Amino acid sequence: MTRNGHPAETAAPRSFALTGRSRPLDPRTNAVRPDIADVRLAEYVFAPHYAAAVERRLTTATTLRAARPADSEAMATLGAGEPFELLDVTGGDAWGIATAHGLVGYLDAALLETPA
């Protein structure tokens, strides 16, 4: 059988086994939400969308929040210049990983450096 004048390639069927119980990941330390997850977690969790983290730095000190609302639980204080692995920006809020703290949360996206 040919495709576009070239012999069709036959790939070996890919298989995998689901073994053991599922373990829920802690969203405070693993970048996973119902709608999106860090692509590095793809082998552990199913998500409708995956994102690859983009490293940014904070231009100003700020608070990492547990949720989008500005008055949500404060998780950590982040200093100017600290790295932040950005995964999503929605409505002016950035969601990602404060790598120095190992925590996942939200902050004001305007406080992240813009790429050159």
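If you're wondering where the values come from, they're calculated on a predicted model, not measured in any experiment. Index from 1, following the sequence.
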Is there a path of hydrophobic side-chain contacts, each under 4.5 Å between heavy atoms of I/L/V/M/F/W/Y residues, joining Val89 to Trp95?
no
Please say yes or no: joined through hydrophobic side-chain contacts below 4.5 Å, possibly via intermediate residues, are Leu112 and Leu64 part of one cluster?
yes
Would a single hydrophobic cluster contain both Ile97 and Val32, if residues Ile, Leu, Val, Met, Phe, Trp and Tyr are joined by side-chain heavy-atom contacts under 4.5 Å?
no
Value rounded to 0.5 Å, distance of OG1 in Thr62 from CG in Leu111
5.0 Å
Are Val104 and Leu107 grouped together when hydrophobic residues (ILVMFWY) are joined by side-chain heavy atoms under 4.5 angstrom apart?
no
Salt bridge (charged side-chain N to carboxylate O under 4.0 Å, His left out) pairs, two or more places apart, involving residues 100-109
none
Among all residues two or more places apart in sequence or in another chain, which pass the salt bridge (Lys or Arg N to Asp or Glu O under 4.0 Å) test with Arg65?
Asp93
Show me the donor-acceptor pairs, under 3.5 Å and distance only, between side chains in residues 77-85 and residues at least two apart or in other chains.
{"from": "Glu82", "atom 1": "OE1", "to": "His101", "atom 2": "NE2", "distance (Å)": "3.1"}
{"from": "Glu82", "atom 1": "OE2", "to": "Gly79", "atom 2": "N", "distance (Å)": "2.7"}
{"from": "Glu85", "atom 1": "OE1", "to": "Arg40", "atom 2": "NH1", "distance (Å)": "3.4"}
{"from": "Glu85", "atom 1": "OE1", "to": "Arg40", "atom 2": "NH2", "distance (Å)": "2.7"}

Give the minimum heavy-atom separation between Ala37 and Ala47, together with the two atoms involved.
CB-CB, 3.8 Å
hydrophobic_cluster_shared for Leu87 and Leu41, side chain cutoff 4.5 Å:
no
Apply side-chain contact (heavy atoms from CB on, under 4.5 Å) to Val39 and list each qualifying residue two or more places apart in sequence or on a separate chain.
Tyr50, Ala52
Between the CG atom in Asp38 and the OH atom in Tyr44, the distance rounded to the nearest 0.5 Å is 11.5 Å
Partners of Glu113 by salt bridge (Lys or Arg N to Asp or Glu O under 4.0 Å), sequence neighbours excluded?
none
Suppose we screen for salt bridge (Lys or Arg N to Asp or Glu O under 4.0 Å). Which residues come up paired with Asp88, at least two apart in sequence or across chains?
Arg33
Which heavy atom in Ala51 sits nearest to a heavy atom in Ile36, and how many Å separate them?
CB-CD1, 3.7 Å
Pair Glu55-Leu86, side chain to side chain contact (heavy atoms under 4.5 Å, CB included): steps then yes or no
CA-CA 6 Å; Glu55 186 168 318; Leu86 178 63; over 6 Å; no
Partners passing side chain to side chain donor-acceptor pair (under 3.5 Å) against Asn30 (at least two apart in sequence or in another chain):
none
Residues passing the side-chain contact (heavy atoms from CB on, under 4.5 Å) test with Ala66, sequence neighbours excluded, are Glu73, Met75
